[in-house]
**Student:** 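Following this message is one structure expressed as structure tokens.
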Amino acid sequence: MIKRHPNEQRTLVLAPQGRDAETISHVLHLNQISSFICADIGMLTNELVAGAGAALITDEALESQNLAPLIDWLAAQPAWSDFPFILLTQPHSMSRKSLALGALESLSNVVLLERPLNTETLKRATTSALRARRRQYEARAALQQRLQAEERLGFALKAGRLGAWEIDVSKRVLSTSDICKENFGQPIDRPFTYQALLSCIHPDDLPAYQEALQSALGTRDGFVIEMRAMWPDQSIHWVQIRGETRFTEDNRPQRVAGVSLDVTERMESARQLSDSQHALHDLNATLERRIEERTCELAQLNDRLMHEISERERTQAASIQGQKMEAIGRLTGGIAHDFNNLLHVSIGNLELIDRFTADERIKRFTATARKALNRGAKLTGQLLAFARNQSMDLKAVDLAVLIDGMQELLSVSVGSAINIDLDYATDVPPALADPNQIEMAILNLAINARDAMPNGGTLLLRTDCRDADDDLLKPGPYAVVSVTDNGTGIRAEHLGKVFDPFFTTKQIGKGTGLGLSQVYGMAKQSGGGARIHSQLGEGTTVELWLPLAPKNMIAPSSVEIRNDEAPGPSDLRILVVEDDSEVRQFMVESLEMLGYQVSAAADGVAGLTAIKREAPDLLIVDFLMPDMNGAQVIAAVTEILPTLPIIVATGYADMRAIDEVIGSNFVLRKPFQISELARLVNTALSTRKAAGGRRKKREALVNGK
């Protein structure tokens, strides 16, 4: 049951004279009819907009009233509405109101009642008007339900992408929805005729469509057909058509209606599924052969994967070990560098004591102390060499002297269970090599030999000179260092790989596989090579073949010459920049003893300030300093005084970093003796003499002239 608004069940009363409105309303109330009294036509019109079932008006209400609002409302009624009016008139008054009455009758349902009238007549007329209005409201509700149903149907069709279509059988007229037009690729703003539909259907599918349509016209069964539609852009789409025929009472086909659906995606999926099924059938036909081939491929891949896993584990272990060695090297380098400064101060001050004392007993004490400190300096040098990563510094190297200097380090490295034998051939010319790199190579080979002799044994180091006897080296003589052990030896199949990076015969965690590859790389970089000879259970010999040093690189042996330490010109000024106060004090006192004017700075910033205040003739700067290191000081000084000679004093092992900034300047390695300091200062100042007038230009630059 449809519920209506209470306003739609009331009766509007317009009786402006006397108490007519109250009397009519009272009579309606006694008959259980809801009423509402209006004062004029305007108010009546407003209440009609709010809703009413009928209106009861006296004829005098039409006198001198503007009926335009009421007429406009009546003219705007929807198609379902024919609002009922009950007009109460006086006898013989119709001619006077004929125009107003004619307007009401033309636009609404008007019932005339002459007064006086009894209560029953008023009740029946009002009830009849309300009943007529109620039926109008019911028609409105039915119309709204139909519209809602059509809206829901349209929404459902749109949601399902279903297009509605209908064909008038007798006229062959096609009516379609917008979605139906879209299914056939037609613009929605243009008509879609039956002939246009036929032209859209693929020629191969047109007979099937016509046959299905004719069959539907002859029977009451519906039909379903899927056919291809050719769009204006020449693309092909699949459309499914469903329809049924509506017949007349005399059993003649009247119209055919139904829905259309674009099923292109489904048909394409079905085609792909069919292709997959055919491919699966072909695959099954050769399944056994494919399984065999795949099994073989998987076996090969598995072998490769296991090999890669093994290599990765080996590489990871080597990387971890390498990182450990790098960390140890950094720690060792830092400790050795700081210890080097302490040794430098001790050695330097012992030398000052030796120079200034005439007491032979004190000289003997200082000589003993200097000898011990020199051994410590050599050890720190070896530790710094172990920690560094540098470019080759090729020099003429006496291999026998170098190995003699390593005996203590080798003994500590291999342990007391291994005996070290030395065999030096006579008249072996100096080799062309980096001394520190050679020391590292020999130390690596000694440690490898130690690992090959877990129960102890003998380590033999031999030097001799041989001619190359194969095509791997350039023809000519070479200095050869041989490291031989009587340990476990190496398998023959491994000998060709021992110099490869990361290859090792040791257990995981026992070695990085980099030692021999570094030895080989050092020898090749020096211009020589490396060879290995080994037999399982009999020991191993590794040979380093090094080119001979050119004669112009071989310096004649000399003794300390004190002439280099002659007092320098008193007008030459030297600036010392050193962060270690004790080292700085020693260098200042040594230079003052040599006759130079010396000033000092504790860091790079203070040194630059002193240079800008007064340009020196020579700058001596430490390499490793906090905040501003020697490289940064040199770069800043070069911008100010590009021709100022500079000496870099350092115990730092990484000469590659120093080489990048040293340029044409000089390096003084810590710890040094006063004679070395004097010699290098004389050499550096000689470059100043070669550039005449440089000091004046520098002073003019600093002073801004």
Side-chain angles (χ1 to χ4, degrees), residues 146-285:
R146 181 178 177 181
L147 292 176
Q148 291 174 356
E150 291 179 354
E151 183 180 356
R152 287 195 297 269
L153 176 60
F155 181 77
L157 291 174
K158 184 176 180 181
R161 299 304 300 166
L162 293 172
W165 59 271
E166 181 178 322
I167 300 175
D168 187 317
V169 176
S170 61
K171 298 179 181 180
R172 294 287 177 174
V173 175
L174 174 66
S175 301
T176 63
S177 66
D178 291 345
I179 295 178
C180 183
K181 292 180 180 180
E182 291 176 354
N183 289 340
F184 286 91
Q186 301 299 311
I188 62 176
D189 57 347
R190 296 181 185 176
F192 187 31
T193 65
Y194 184 71
Q195 291 299 322
L197 170 65
L198 296 179
S199 65
C200 286
I201 300 174
H202 195 281
D204 294 342
D205 297 339
L206 183 58
Y209 165 74
Q210 292 175 332
E211 181 181 353
L213 183 61
Q214 290 300 324
S215 176
L217 293 176
T219 65
R220 293 184 179 273
D221 297 333
F223 69 92
V224 179
I225 184 173
E226 292 176 345
M227 57 188 182
R228 287 166 290 180
M230 297 183 298
W231 283 21
D233 61 1
Q234 303 303 314
S235 61
I236 302 297
H237 292 255
W238 283 89
V239 180
Q240 183 186 82
I241 299 293
R242 291 178 177 267
E244 289 187 356
T245 305
R246 179 68 58 86
F247 291 86
T248 61
E249 293 181 357
D250 56 356
N251 204 28
R252 287 185 302 162
Q254 182 181 16
R255 58 191 178 91
V256 183
V259 294
S260 65
L261 176 64
D262 190 326
V263 293
T264 304
E265 292 185 3
R266 178 171 64 79
M267 297 299 290
E268 180 64 21
S269 299
R271 184 192 64 78
Q272 293 178 357
L273 178 60
S274 178
D275 292 343
S276 300
Q277 289 174 342
H278 286 300
L280 180 61
H281 180 270
D282 295 339
L283 178 63
N284 289 334

**Student:** Considering all heavy atoms of both residues, which atom of I179 and which atom of G163 are nearest to each other, and what is their separation?
**Tutor:** CG2-N, 3.8 Å
**Student:** Say whether, by atom type as modelled, one donor and one acceptor occur between the side chain of S276 and the main chain of Q272 under 3.5 angstrom.
**Tutor:**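 It does hold such a pair.
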**Student:** Going from CG on L197 to NZ on K181, what distance comes out if it is rounded to the nearest 0.5 angstrom?
**Tutor:**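 Atom-to-atom, L197:CG and K181:NZ are 12.5 Å apart.
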**Student:** Where is the tightest heavy-atom contact between Q186 and F192, given as atom of each residue plus distance?
**Tutor:**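 What the structure gives for the nearest pair is CG-CE1, 3.6 Å.
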**Student:** Please round to the nearest 0.5 Å and tell me the distance separating atom OG1 of T245 and atom CG of L213.
**Tutor:** 7.0 Å
**Student:** On a heavy-atom basis, which atom in E244 and which in G222 lie closest, and how many Å separate them?
**Tutor:** CG-CA, 3.9 Å
**Student:** For the residue pair N183 and S260, what are the closest heavy atoms and their distance?
**Tutor:**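 Closest heavy-atom pair between N183 and S260: ND2-OG, 2.8 Å.
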**Student:** Would you call the rings of H237 and W231 parallel, tilted or perpendicular, taking 30° and 60° as the class edges?
**Tutor:**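 Judged by the thresholds at 30° and 60°, the geometry between H237 and W231 is parallel.
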**Student:** What is the minimum heavy-atom distance between V239 and A229, and which atoms define it?
**Tutor:**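 Closest approach of V239 to A229, heavy atoms only: CG2-CB, 3.9 Å.
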**Student:** Do M230 and I236 touch side chain to side chain, with heavy atoms closer than 4.5 Å?
**Tutor:** yes
**Student:** Can you tell me how far the CG atom of D262 sits from the SG atom of C180, to the nearest 0.5 Å?
**Tutor:**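 The distance works out to 11.0 Å.
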**Student:** Can you find a heavy atom in the side chain of W165 that is under 4.5 Å from one in the side chain of I241?
**Tutor:** yes
**Student:** Any non-hydrogen side-chain atom of L174 less than 4.5 Å from a side-chain atom of T193?
**Tutor:** no
**Student:** How about E211 and Q214: do any of their side-chain heavy atoms sit closer than 4.5 Å?
**Tutor:**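 Sidechains of Q214 and E211: no contact.
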**Student:** Above 12 or not: heavy atoms from other molecules or residues under 6.0 Å from CZ of R266?
**Tutor:** yes
**Student:** Judged by atom type as modelled, is there a donor-acceptor pair below 3.5 Å linking the side chain of W238 to the main-chain atoms of R228?
**Tutor:** no
**Student:** Take a 6.0 Å sphere around CZ of R190 and say whether it holds more than 12 heavy atoms from other residues, nucleotides or ligands.
**Tutor:** no
**Student:** Between atom CZ of R242 and atom CZ of F223, what is the distance when rounded to the nearest 0.5 Å?
**Tutor:**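 Rounded to the nearest 0.5 Å, the CZ-CZ separation comes to 10.5 Å.
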**Student:** Between CZ of R255 and CD1 of I167, what distance do you get to the nearest 0.5 Å?
**Tutor:**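 Reported to 0.5 Å precision, the distance equals 12.0 Å.
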**Student:** For the pair S215 (side chain) and A212 (backbone), establish whether a donor and an acceptor sit closer than 3.5 Å, ignoring hydrogens and angles.
**Tutor:** no
**Student:** Output, in order, the C-alpha distance, side-chain angles, deciding distance and verdict of side chain to side chain contact (heavy atoms under 4.5 Å, CB included) for T176 and F184.
**Tutor:** CA-CA 11 Å; T176 63; F184 286 91; over 6 Å; no
**Student:** Do you know which two heavy atoms are closest between L198 and Y209, and how far apart they sit?
**Tutor:** CD2-CE2, 3.8 Å
